[in-house]
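Following: one structure in structure tokens, then a few remarks.
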Amino acid sequence: MSNRIANRFRKCADEGRPALVTYIMAGDPDLKTSQKILDGMVEQGADVIELGIPFSDPMADGPTIQLAGQRALNGGQTLHKTLAMVEAFRKRDGDTPIILMGYYNPIYIYGVDRFLDDALVAGVDGLIVVDLPAEEDAELCIPAIGKGISFIRLTTPTTDDKRLETVLKNTSGFVYYVSMTGITGAALTNTKAVGDAVRRIKSHTDLPIAVGFGIKTADDAATIGRDADGVVVGTALVRAIENSLEDGKASAYTIAAIHGLVRDLAEGVERARK
Amino acid sequence: MNVANSLRNGPDETGHFGLYGGRFVAETLMPLILDLEQAYEAARNDPEYAAELGALNTHYTGRPSPLYFAERLTEHLGGAKIYFKREELNHTGSHKINNCLGQILLARRMGKTRIIAETGAGQHGVATATVCARFGLPCVVYMGATDVERQAPNVFRMKLLGAEVVPVTAGAGTLKDAMNEALRDWVTNVENTYYLIGTAAGPHPYPAMVRDFQSIIGTELREQFAEAEGKLPDAIVACVGGGSNAIGIFHAFLDDPDVAIYGAEAGGYGLDVEDGHCASMSGGRPGVLHGNRTYLLQNEDGQILEGHSISAGLDYPGVGPEHSFLKDSGRVTYVPITDNEALEAFQICTRLEGIIPALESAHGLAQVMKLAPTMGKDQTIVLSLSGRGDKDVNTVAKHLGVEV
Ligand SMILES: Cc1ncc(COP(=O)(O)O)c(C=O)c1O
């Protein structure tokens, strides 16, 4: 198993700050631009990267990420191409963890074993698959762990203490706490409840806890990052891409727009515990 | 009681029908689905619940639905005797009410105060809005924007009944997109909301639960047919969208190998037209969507296709998991019926029997029209006439080039 995830969270902890986890949709707004965004993100302050696998039916995503997936699919993005993006990134960066995030069907159709082999070769460190709860661990979670790829599970406000045991059982890498019941892109409402939830989960596991959903600004990142080991930003970054487009296509500003926001957010995590 | 080797035992305790089914949902929904499973287990073992549902079935829906001998259609086709199991005579005009009553009583037992649903043809939306009106619960129905347009009469009915109808513009604006949006609502409003799924699909326990509520169709039929003909039917036919009316009429006969069973899928423009049909079993392969593994229309990257059917209620790229299981087992034969075949059956039934069938049901009828002439006059076929066609007259007029 690669230690990139654990090493990176430890490094951030040693620096006295949470990790900045950034999400982009692979192939959004087009493959070439997406690769450049991915390749330049670490330099701007991203610590861990979540790369979205586009899916036609993203049931847990709000309009912003739905549209990003559509842009990617319209541009011909496939799971093969997404793995190739990771492989290209890995040639430049041997340390930054990459987590693939998406829905199960594209992986199932690719073939679980073949997918895990190819993901390992490409340099993927972990998987977040929204529609695979603990009850379906036999599908992908157990095989992934067997091959040395972390399976990162979502815990949510509906996950009570009893269920938490079930959810954490085969979780590896880190735990992703979803700050609200809802879809991506909704607004953060109760930051105190998030802090309480992080502490509650910490009493059940030694894994780092990253919090996502609703974190949009450097201030949000600083607030949530007081308690969380990592803050995940997705919709805000995807929206930065969306807002930069001209006629639905990448403009001269697209890369600068999203990288600028990553830099802001990095400043936010920097001061989270100061 | 479970009989060994019965095809009627599914699902297993993890919600699988063989390879199919399961619980492929976001963690946020998992506790809700486990709650629902428990609540349903408790309800179905509670005689009070059964009595309440039975009374509503009788006095509100008008069950049992009649078994009708379609004499002129039989003469016209010149083969097997054709019977209709007349679910279109139910209150609200389709079989959908059978499931809605079962689930609304469950939602009440669970203390839920807000009901959401997805709908394609609008029949499930109307049935849901109806039971919500009956029990005084607020109701939000998600409906693809395309369907809102082609099923306008049903949209107005839902609004009259007090429901909020939310048009969904994502994707092609059909049933699949409506279901995505309903799931997004549910994952957001977990505290008070009950998701009343309209077909025998989705995460466990929905496929089993909806089947149980719809199985009354087949159970009644067995008895009515014995009275009418003194035997079992030789063939049973139903249209298959998500598969609820079909599994409802099939289930009681799965262990009777002498009864041939046919499911009619939406063949649209024909199976050879790319993305031009919704025959997920005849033209798709297994995948995972909307909480279950089942046959799906999809491309080689696992992206779900939109599909096409003239009938909004069959315009869905998947099917309930129990049908996928029955297809693989060979027990049920699933066949595609094209838009044109359904349109022709629609008109023949209307002219010969004075019954305007739903376009969905007309798919089943088209299969009956293929089968009957190949069978002997001493043989019998029963069609699940799942709904009435008033909602479809605009669509049919358009296809016939008539201005209404
Ligand atoms: C009259 C009628 N029949 C059949 C269907 C298809 O659904 P199912 O396959 O669940 O019976 C619908 C769906 O809207 C319908 O309205």
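Chain letters run A, B, ... following the sequence lines, proteins first, then strands; residues in each count from 1. Here the structure is a predicted model, which means the values were calculated and not measured. What's counted below: heavy atoms across the whole structure, side chains too, no hydrogens, waters or symmetry copies.
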Is H204(B) in contact with chain A via its backbone, its side chain, both, or neither, using a 4.5 Å heavy-atom distance? neither

Cut-off 4.5 Å, heavy atoms of chain A, and the answer for A170(B) is side chain

Determine whether a donor-acceptor pair (N or O, by modelled atom type, separation under 3.5 Å) exists between the side chain of [X] and the backbone of [Y].
X: R184(B); Y: D61(A); value: yes
X: S56(A); Y: I304(B); value: yes
X: D131(A); Y: V25(B); value: no
X: E27(B); Y: P133(A); value: no
X: Q303(B); Y: P54(A); value: yes
X: N105(A); Y: V288(B); value: yes
X: E136(A); Y: R23(B); value: yes

Heavy atoms, side chains only, cut-off 4.5 Å: are [X] and [Y] in contact?
X: F24(B); Y: V129(A); value: no
X: V187(B); Y: T181(A); value: no
X: E300(B); Y: I109(A); value: no
X: E139(A); Y: R293(B); value: yes
X: M30(B); Y: T166(A); value: no
X: D301(B); Y: L79(A); value: yes
X: L34(B); Y: E135(A); value: yes

Chain B contacts, top residue of [options] (heavy-atom pairs, under 4.5 Å):
options: T159(A), L67(A), T155(A); value: T159(A)
options: Y103(A), Y110(A), Y108(A); value: Y108(A)
options: A186(A), G182(A), A60(A); value: G182(A)
options: A134(A), G62(A), P157(A), P106(A); value: P106(A)

Chain B contact via [X] - which portion, at a heavy-atom distance below 4.5 Å:
X: P58(A); result: both
X: I107(A); result: neither
X: V130(A); result: both

Give, for atom CE of M180(A) and atom OG1 of T188(B), the distance between the pair rounded to the nearest 0.5 Å. 9.0 Å

Residue, of E191(B), H290(B), M179(B), E181(B), that accumulates the most heavy atom pairs under 4.5 Å with chain A: H290(B)

Test P31(B) against every option in T158(A), D160(A), T156(A) by the side-chain contact (heavy atoms from CB on, under 4.5 Å) rule and name the one that passes. T158(A)

